[in-house]
Amino acid sequence: MEIVVCKTKEEASKLAAGIITAAVKKNPKLVLGLATGSTPVLMYTEMAKAVEAGEVSYKEVKSWNLDEYVGLPGTHDQSYRYFMNENLFKKIDIDIANTHVLNGMAEDPVKECADYEAQIKAAGGVDIQVLGIGSDGHIAFNEPGTSLASRTSVVYLTPSTIKDNARLFFKGKEDEVPTRALSMGVGTICEAKKIILLAFGAGKADAVKGMVEGGVSQFCTASALQMHNDAWIFCDEESASKLQLKDYYAWRSTTKLQG
Ligand code: PGA
């Protein structure tokens with residue numbers, strides 16, 4: 001696990017976007033795993049700028065998103081399909097038919113999840129998986145107590161995640177946040193060839209500490225990334241503030257990135 005400590009989230013987002021842009025330039029048929037939430041928005045803006053500048057094209061890129069709320073159609077302004085269309089897909093030249101988000105309205109959610117896994121496999125697996133982290137240490141919607149071997153399935157949100165998401169996206173209305181979601185599993189996520197996780201703000205400091213310096217535990221599902229051999233964690237100063245070896249990680253990752 002490499003921990004990149006940037007001064008600001010702007011700097012971290014630019015660096016992470018640069019890695020994705022370079023990877024798409026190298027392999028125009030890259031398979032991306034994408035995330036929603038407030039954290040990756042700046043990175044998506046930077047990715048779009050590179051497309052606008054004619055630096056890179058996503059015409060042949062395929063994407064699979066991490067998760068979707070059960071019960072929200074893709075047209076709902078709080079659905080993750082809607083979020084992705086607005087925050088990234090409309091701003092780059094990706095073919096919308098190549099973008100995949102789990103269907104939260106699926107009549108048979110179990111089949112929906114199994115089909116999703118099969119699609120990713122048929123595409124050759126995810127080359128780069130983008131992740132955020134929940135304040136409770138979740139990745140995708142894999143809440144504390146979820147098996148680190150879990151596969152894409154129906155999952156149940158914790159009260160703390162419902163609270164976080166209500167504050168950020170549902171105008172504070174907790175009763176409007178769906179209590180269930182379809183989510184890629186921890187095991188599914190860890191099969192990606194490379195992982196880029198973004199964590200910004202003091203509210204993520206405990207989760208980052210648990211992920212990086214805690215034991216591997218289903219209580220902090222992000223800690224499973226300790227078992228991944230190409231996971232890059234992009235922090236700002238605040239989210240990295242509780243790391244015991246912060247300065248060492250920062251020096252090591254900067255040296256590797258320059259290398
Ligand atoms: P956030 O969510 O980016 O809105 O903080 C992250 C997450 O829950 O994974």
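None of the values given here were measured: they were computed from a predicted structure. Counting starts at 1 for both ligands and their atoms, in listed order.
Taking the six-membered ring for Trp and thresholds of 30 and 60 degrees, W251 and Y248 have ring planes inclined between 30 and 60 degrees apart.
When K7, K9, K246 are each tested for a side-chain hydrogen bond (donor to acceptor under 3.5 Å, both in side chains) with E237, only one passes: K246.
Side-chain atoms of T161 and D164 include no donor-acceptor pair closer than 3.5 Å. With 3.5 Å as the limit, one finds a donor-acceptor pair spanning the side chains of T152 and E117. E213 and Y249 share a side-chain donor-acceptor pair at under 3.5 Å.
The ring of Y69 has its center closer than 6.0 angstrom to the ring center of F170. With ring centers used as reference points, Y58 lies 6.0 Å or more from F89.
Looking at N165 against ligand 1, nothing comes within 4.0 Å, counting heavy atoms.
Atoms of ligand 1 lying under 4.0 Å from at least one heavy atom of G132, given by number and element, are 9 (O). Less than 4.0 angstrom separates some heavy atom of L168 from each of these atoms of ligand 1: 4 (O). Atoms of ligand 1 lying under 4.0 Å from any heavy atom of G37, numbered from 1 in the order shown and given with element: 3 (O), 4 (O).
Checked by distance only, ligand 1 and T36 stay at 3.5 Å or farther apart across all their nitrogen or oxygen atoms. The N/O atoms of H138, backbone and side chain alike, include one that comes under 3.5 Å of an N/O atom in ligand 1.
For atom 6 (C) of ligand 1, the closest non-hydrogen atom of the protein is I133 O, 3.5 Å. Of the protein's non-hydrogen atoms, the one nearest atom 5 (O) of ligand 1 is K204 NZ, 2.6 Å. The protein atom (non-hydrogen) at minimum distance from atom 3 (O) of ligand 1 is T39 OG1, 2.4 Å.
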